[in-house]
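Order of the sequence lines sets the chain letters (A, B, ...), proteins ahead of strands, with each chain counted from 1.
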Number of protein chains: 2
Amino acid sequence: MDEKDMKILDFLITDGRKPFTEIAKELKTSESSVRKRVKKMEEEGVIKGYSVMVDTPKMGYNVVAQTGFDTNPEDFLSVAQELCKFEEVKKVFTSTGDHMIMTEIWAKDGKELSEIIFNKIGKIKGIKKVCPAIILEQLK
Amino acid sequence: MDEKDMKILDFLITDGRKPFTEIAKELKTSESSVRKRVKKMEEEGVIKGYSVMVDTPKMGYNVVAQTGFDTNPEDFLSVAQELCKFEEVKKVFTSTGDHMIMTEIWAKDGKELSEIIFNKIGKIKGIKKVCPAIILEQLK
DNA sequence: TTTGAAAATTGGCCTAA
DNA sequence: TTAGGCCAATTTTCAAA
């Protein structure tokens, strides 16, 4: 991870499909240099993968909720692992702050979010409190 | 946005660099069909862009904090817009829940996070409270 | 949807630091 | 040993019919 690697990552963060040839041109280096650095970062795990950024409302997911979970200390890890298994739960973090477990849940509407939280996730043993915060707008 | 578009998005969410030819093969359709659908989704804004998923600690960012901000109602929008201008602030949302503004801030260590919050962001007019929650581990 | 040309990727092999 | 350069084969992209 040197300055050049960082610059390559900057380009890929902005446009993950940008061809290596173009990155090379902008960095005034060769395509093979860029390619070999990217491959190395992939192998080292600096680059975990590539993805597409979607507009959730346009995909039909009108309700995206950052949802915190409180648990008993002894259930903490199992709850986090169970949460990962739900398709609707797109991200799972452990975190300091108000809630030890933070998630991001996608739902078509409020009704569906409510069903996911109460009927599906709610069945996980050990959850003491659920705190959903609906994202209104992503500015950045 | 039909079933086929959704399947294409599923593939691209998992691997944003997956060639259209491969997606076409798995969906048993033609490459041009896939490409035209993707282009349409890009134009419609369903696809907002592509990105690389990085391992922040391996990049040298050892402290990633989901940070909430409280403001006076009249300063809410200007604070959110100012936050967007900081390079260290990678994401900005408006949200229901405990804090109207939620951000994600990347820092090399706790010292840097503290500097960002107090010396840089702290200067924004209208912020009443800052609530950083450091991400410990991303499970999904 | 098919087709063909242009561009990008991939792998191997080489040199230099 | 490691990063980068070069070349050739393959694959992917892209626009026109």
Side-chain angles (χ1 to χ4, degrees), chain A residues 1-61 87 90 106 138 140, chain B residues 1-64 87-88 90 106-109 112 138 140:
Chain A
M1 283 301 304
D2 59 6
E3 194 55 38
K4 205 168 176 181
D5 284 331
M6 285 295 255
K7 281 182 182 166
I8 292 172
L9 282 186
D10 282 339
F11 279 113
L12 287 176
I13 288 170
T14 309
D15 178 7
R17 274 185 96 93
K18 196 178 184 75
F20 300 150
T21 47
E22 277 185 39
I23 296 173
K25 206 176 291 175
E26 302 209 36
L27 257 43
K28 298 191 198 314
T29 179
S30 73
E31 178 269 338
S32 64
S33 166
V34 173
R35 176 160 48 98
K36 279 161 191 175
R37 280 169 176 271
V38 168
K39 193 181 179 187
K40 197 178 172 196
M41 288 191 281
E42 286 170 354
E43 284 165 355
E44 288 171 347
V46 180
I47 291 177
K48 292 195 289 185
Y50 303 88
S51 191
V52 61
M53 292 174 290
V54 294
D55 186 302
T56 43
K58 284 184 179 155
M59 265 186 88
Y61 294 105
E87 194 214 346
K90 301 294 179 180
W106 292 10
Q138 177 158 12
K140 183 175 180 179
Chain B
M1 283 301 304
D2 60 6
E3 194 55 38
K4 208 168 177 181
D5 284 332
M6 284 297 256
K7 281 183 183 166
I8 293 172
L9 281 186
D10 282 339
F11 279 115
L12 287 177
I13 287 170
T14 309
D15 177 8
R17 273 184 97 93
K18 196 178 184 75
F20 300 150
T21 47
E22 277 184 40
I23 296 172
K25 203 177 292 176
E26 301 209 37
L27 258 42
K28 297 189 200 313
T29 177
S30 72
E31 177 265 342
S32 60
S33 163
V34 173
R35 211 185 51 254
K36 277 166 189 171
R37 280 169 176 272
V38 169
K39 194 179 179 189
K40 196 176 171 198
M41 288 191 281
E42 285 171 355
E43 284 164 356
E44 287 171 347
V46 180
I47 291 177
K48 292 195 289 184
Y50 303 88
S51 192
V52 61
M53 292 174 289
V54 294
D55 186 301
T56 43
K58 285 185 179 158
M59 264 187 88
Y61 294 106
N62 293 297
V63 176
V64 175
E87 195 214 345
E88 298 93 340
K90 301 295 179 180
W106 291 11
K108 300 233 179 287
D109 49 38
E112 191 180 279
Q138 178 159 12
K140 183 174 179 180

Under the salt bridge (charged side-chain N to carboxylate O under 4.0 Å, His left out) test, residues paired with A:Glu26 that sit two or more places apart = A:Lys18

message = Hydrogens and angles aside, do B:Tyr61 and B:Glu88 bring a side-chain donor and acceptor to less than 3.5 Å of each other?
response = no

task = For B:Glu22 and C:dT10, give me the distance from atom CD to atom P, rounded to whole Å.
result = 10 Å

message = Once you apply a heavy-atom cut-off of 4.0 Å, does B:Arg35 come out as touching a base, just sugar-phosphate, or nothing?
response = base

key: A:Ser32 or A:Arg17, whichever maps to the more 5' nucleotide of DNA chain D   = A:Ser32

message = On the nucleotide D:dT12, are OP1 or OP2 found under 4.0 Å from the side-chain N or O atoms that B:Lys18 carries?
response = no

key: Lys/Arg N to Asp/Glu carboxylate O, B:Asp55 vs A:Lys48, below 4.0 Å   = no

ask   = Taking the side chain of A:Phe20 as heavy atoms from C-beta outward, which of C:dT9, D:dG4, D:dT12 is closest to it?
value = C:dT9

Pairwise side-chain contact, B:Met41 with B:Ile8, heavy-atom cut-off 4.5 Å (strictly under) = yes

note = Taken to the nearest whole Å, CG/A:Leu12 to P/C:dA8 is 15 Å

query = To the nearest Å, how far apart are B:Lys36 NZ and D:dA15 C1'?
reply = 8 Å

ask   = Reckon A:Lys40 has a side-chain N or O less than 4.0 Å from the OP1 or OP2 of D:dT2?
value = no

Between C:dA8 (P) and B:Glu31 (CD): distance, integer Å = 15 Å

task = Please evaluate the base of C:dT10 for a donor-acceptor partner in the side chain of A:Lys39 within a cut-off of under 3.5 Å?
result = no

inquiry  = Please determine whether a side-chain nitrogen or oxygen atom of B:Thr21 lies at a distance below 4.0 Å from atom OP1 or OP2 of D:dT11.
reply    = no

request  = Taking A:Lys58 for its side chain and B:Glu44 for its backbone only, find out whether a donor-acceptor pair lies under 3.5 Å.
outcome  = yes

request  = Ignoring backbone atoms, establish whether A:Ser33 has a side-chain N or O less than 4.0 Å from OP1 or OP2 of D:dA3.
outcome  = no

Out of D:dC14, C:dA8, C:dT1, whichever nucleotide has its closest atom nearest the side chain of B:Ser30 = C:dT1

task = Rounded to the nearest angstrom, tell me the gap between atom NZ in B:Lys28 and atom C1' in C:dT1.
result = 18 Å

